[in-house]
S.K.: 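Pasting a structure below so you can have a look.
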Amino acid sequence: MQENNSEPKLSKREKKKQYNKMDKTRARLLIAACGFCALYGAVAFKLSLATILMPLAPQKNQIAPQVPAIPKSDPKGVMSGDFSLPQIKRASIIDRNGQILAISLPVAQVYANPLEIIEPTVVANKLKEILPSLDVNKTIERLSSRKQFIYVARDISPQQEVAINNLGIPGLYFEAGERRRYPLGRLASHIMGSVDIDDHGIAGIEKFFNERLMENRHPLRLSIDTHVQTVVQEEVEAAKNKFQAEAACGIVMDVHTGEILAMISLPDYDSNQFSKSSPNSQFNRATNGMYEPGSTFKLQNVAMALELGVVRIWDRFATAPIRVGRFTIKDLKTDHFPPYLSLPEVMAYSSNPASAHIALDVGAERQREWMQRMGFTARVPIELPEAGRPIVPAAKNWGISTVMTIAFGHGIAESPLAIVRGTAATVNGGVLVKPTLLSLQDISNNDPSVQPQDPNLPPPKPQAQGERVLSEKTSSLLRKILRLDVTKGTGRNAEVPGYFVGGKTGTSEKVSKSGGYLKHVNVSAFTAVFPMNDPKYAVYVMLDSPKPTKETHGWTTAGWNAAPAVSKIIGRIGPILNLFPNTKDAATIDAQMAIPLRPPVPKGIRALGPGNDPGDPRLNRQQSNEKPKKKTTVTTSSTRQ
C-alpha cells in the first residue's frame, strides 16, 4: 500500500494572505535594518567627530595620575601653585616664585601575614634582591613569627613595588603611602623643619601649619625667595668660615610688608635627614637665639629720645667714663672722642657713655614703655614654633644701671628677628610691621575683599601695615642718621655704590653659661636697610664668636666682619629684587640724605651739652641708692661697633 506524502493544497485566497504576511515581515525587517544602520551610523559619525575631526583635549583630572602637566610660559610663577598630586594627602610648600620647597611623593609600605608565608628564608632572600637595605636575618625571624601583621619595608618606590608584586608570593601585601622630600636639602631648612615617619610636622613650617597642610591640598606659598636665600646662605657661610665663627645667622625682610625673603641659621641641616642632625644644627638662631644686641640697640635709644622729644639733633652728650658701683661704662681705649658728641656723632662713632646719657634723659619708666611698644619685651610673632622670648629685667629691677646699659645693648637679650623688626620700624615711616613667612601676594589673591590691580597702571607704593610707633618726621631723620653711620661712621665697610646703604654696627661680649661675660669673645652684628632714600629691604648678619684676622688688624668687631658680609649680600640680591644701583643720581641723592655730624644750634635755643647736661647730676643723685648687679652693669669696650 503506497503512502500519500503530498501536502494539502491551498486555495488562491489563502496563498494570497500568506504572501501578504511575508511582505509585511520583510518590510518590518527592512525598517529595523535601516534603523540600526542609522543608529550605528550616528554613533560612528559621533566617534569620528570626537576622535578625528574635532577631538576634545582630555580633562586635567583624567590624565594627571599618568601624565605631568604640559609646561607653559609662566615667568612670574603664578600658575605653579596649581601643582599637586591627586593621590597625595599632604600639600606641597613653595616659595614666592613657585619653586618647590617640600613635596610628598607616592610610596608603598610592604607588609606581610607571617601565617601565610610558606618559606620565610626563600621569601627573605628574594626580597633582598629588590630591597638592598633589607636585613635578611631579621626579616626571616619576623616572617617566622606567629603574628598576623608585620611591616617588611616602608617607603619603597613604585618600581620596587611592581618588582615585589611580580614575585607572586602569597602573604605579601602593599599599603599606599607618601614620603616627604625637600628638593633643596639644606636651603631654608630651619624654616621648613621636617615631618616624622607618619608625615606629621615636627619642626618649622611643617609643624606650625601641620593641620593646614593636611586639610588643604593647595600648595602653601611662602614669602621666601630661594634666589635671595641662596645668596644669604653663601655669603654668611663664607663669613662664618673666614672668621672661624661658632655660629651665624642672616635675615632679609621687606620693611613695608614684613615678608621675610631669606632667613638662615648656621650650622644648619638637611631637612631630608632631620632625625640624623644634631640639636646644635637644629637650633634656629634667627628666631630662637637670644643675644645682647650691642650697639645695634643704640638706634632704638636714639629713636626713643627723638620721638619723645627729650633730645634734639644738635644736643651734645658727654663721653667721659661713667662709674657705676665698681663698674665703668666707657669707650674703647683707641677711641679719642671729644668730651662731648652731638647726636649724629653718638651714632656714627658709637659712644657708650654718650648713649647712656641719652637714656638717662629719657628715664626708666619711659624706656620700659618704649621697649614694650616696640615689641622688645615679648616673643616676635612669626609662623614658627621655634621662636623664643627675650630676656629683659623685671620692672622692679629696672634701675638706673639698667637704663644705661640697655642704651648700648647690654643687660637684655633679643632675637635677631626682633632687631630686624625694630630697624624696619625706624625707616619705613614709623610702623611696627608683623614679620611673616607667608607670601602676602598669595593671601591677597585669595581674599575677595582685595580689588585686583589694573595691569595698565604702575604698582602702588607699598604702605607698611601695623601699629604706628614713630612719626614720619622722626623716621625721616633716622634714615639720614643711619646713612651717616655708613658714609662716615663705623659701618663704612657695608657701603655698596648706588644702593645708599644705611645701618648700625653692634658688638657685645658673649655671655657664658655661668652668667658672666667672656672677655675677648664677641657677638658681632650689623643691621642695615637699602636703599635708604626709599627704604625697601632690611638686611641683618650676625657672627657668633668670630676670630680676628690680619685683614681686620686683630679686631673682631662688627665693622670688620659683619658689615662686609652685608655689603656683599646687598650687591648680589639687589638685581634679583629688581633694584639696580643708581650711580647716575648718586650725588643728588647723597645731598638729599646728607646730615652734618655736628648740626648747628638754632638761635635762641639752649642745647644740651657743657653746662646743661641733666644726665650727670641725675646719675650722682641716684647711683648711691643702688647696688648694681653684675650681669646688668658689666660694661664692655667692644660695644662700640
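Computation of the quantities below employed the complete heavy-atom set of this structure, encompassing side-chain atoms and omitting hydrogens, waters and symmetry-equivalent molecules. Just so you know, residue 1 is the first one in the sequence shown, and it goes up from there.
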S.K.: So with a 6.0 Å cut-off around NZ of Lys473, is the heavy-atom count from everything else above 12?
M.R.: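 Count not over threshold, so no.
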S.K.: Taking side chain to side chain contact (heavy atoms under 4.5 Å, CB included) as the criterion, tell me which of Ile382, Ile260, Asp95, Leu222 meets it with Ile191.
M.R.: Leu222
S.K.: With a 4.0 Å cut-off, would you call Glu386 and Arg379 a salt bridge?
M.R.: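 A salt bridge is absent here (no side-chain N lies under 4.0 Å from a carboxylate O).
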S.K.: State, to 0.1 Å, how close Val346 and Ser355 come at their nearest heavy-atom pair, and which atoms those are.
M.R.: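 Heavy-atom minimum between the residues: CG1-OG, 3.6 Å.
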S.K.: For Ile419, does its backbone N or O pair with a side-chain atom of Thr423 as donor and acceptor, under 3.5 Å?
M.R.: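 Yes.
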S.K.: Residues two or more places apart in sequence or in another chain: which of them pass salt bridge (charged side-chain N to carboxylate O under 4.0 Å, His left out) with Glu365?
M.R.: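 Once residues adjacent in sequence are excluded, Glu365 has no partner under the salt bridge (charged side-chain N to carboxylate O under 4.0 Å, His left out) criterion.
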S.K.: Taking atom NZ of Lys510 as the centre, does the number of heavy atoms from other residues, nucleotides or ligands within less than 6.0 Å exceed 12?
M.R.: yes
S.K.: For Glu495, which residues count as a salt bridge (charged side-chain N to carboxylate O under 4.0 Å, His left out) partner, sequence neighbours excluded?
M.R.: Arg483
S.K.: Tell me if the CZ atom of Arg598 is crowded by more than 12 foreign heavy atoms within 6.0 Å.
M.R.: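 It does: Arg598 CZ has more than 12 such atoms within range.
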S.K.: Quick check: are there more than 12 heavy atoms from other residues, nucleotides or ligands sitting under 6.0 Å from CZ of Arg389?
M.R.: no
S.K.: Apply ring-ring contact (aromatic ring centres under 6.0 Å, His included) to Tyr269 and list each qualifying residue two or more places apart in sequence or on a separate chain.
M.R.: His190, Phe274
S.K.: Run the numbers on Phe530 and Phe500 for ring-ring contact (aromatic ring centres under 6.0 Å, His included), then give the verdict.
M.R.: CA-CA 6 Å; Phe530 78 101; Phe500 312 103; over 10 Å; no
S.K.: Has Lys547 got more than 12 heavy atoms of other residues, nucleotides or ligands less than 6.0 Å from its NZ?
M.R.: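 Yes, enclosed.
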S.K.: State, to 0.1 Å, how close Ala102 and Met192 come at their nearest heavy-atom pair, and which atoms those are.
M.R.: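 For Ala102 and Met192, the tightest heavy-atom pair comes out as CB-CE, 3.7 Å.
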S.K.: List the residues meeting side chain to side chain donor-acceptor pair (under 3.5 Å) with Tyr499, not counting sequence neighbours, and say none if there are none.
M.R.: none
S.K.: Give, for atom CD1 of Ile322 and atom CD1 of Ile400, the distance between the pair rounded to the nearest 0.5 Å.
M.R.: 9.0 Å
S.K.: Which ring-ring contact (aromatic ring centres under 6.0 Å, His included) pairs, counting each pair once, include a residue from residues 359-378, with sequence neighbours left out?
M.R.: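 The answer is Phe297-Phe376.
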S.K.: For Gly489 versus Arg492, what's the shortest heavy-atom pair and its separation?
M.R.: O-NH1, 3.1 Å
S.K.: Counting only heavy atoms from other residues, nucleotides and ligands, does the tally under 6.0 Å from CD of Glu551 exceed 12?
M.R.: no
S.K.: Report the residues that fulfil side-chain contact (heavy atoms from CB on, under 4.5 Å) with Ala424, sequence neighbours left out, ordered by chain and then residue number.
M.R.: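 If we apply the side-chain contact (heavy atoms from CB on, under 4.5 Å) test to Ala424, skipping adjacent residues, the hits are Met253, Val255.
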S.K.: Whether Arg186 and Glu237 form a salt bridge (side-chain N of Lys/Arg under 4.0 Å from carboxylate O of Asp/Glu) is what I want to check.
M.R.: yes
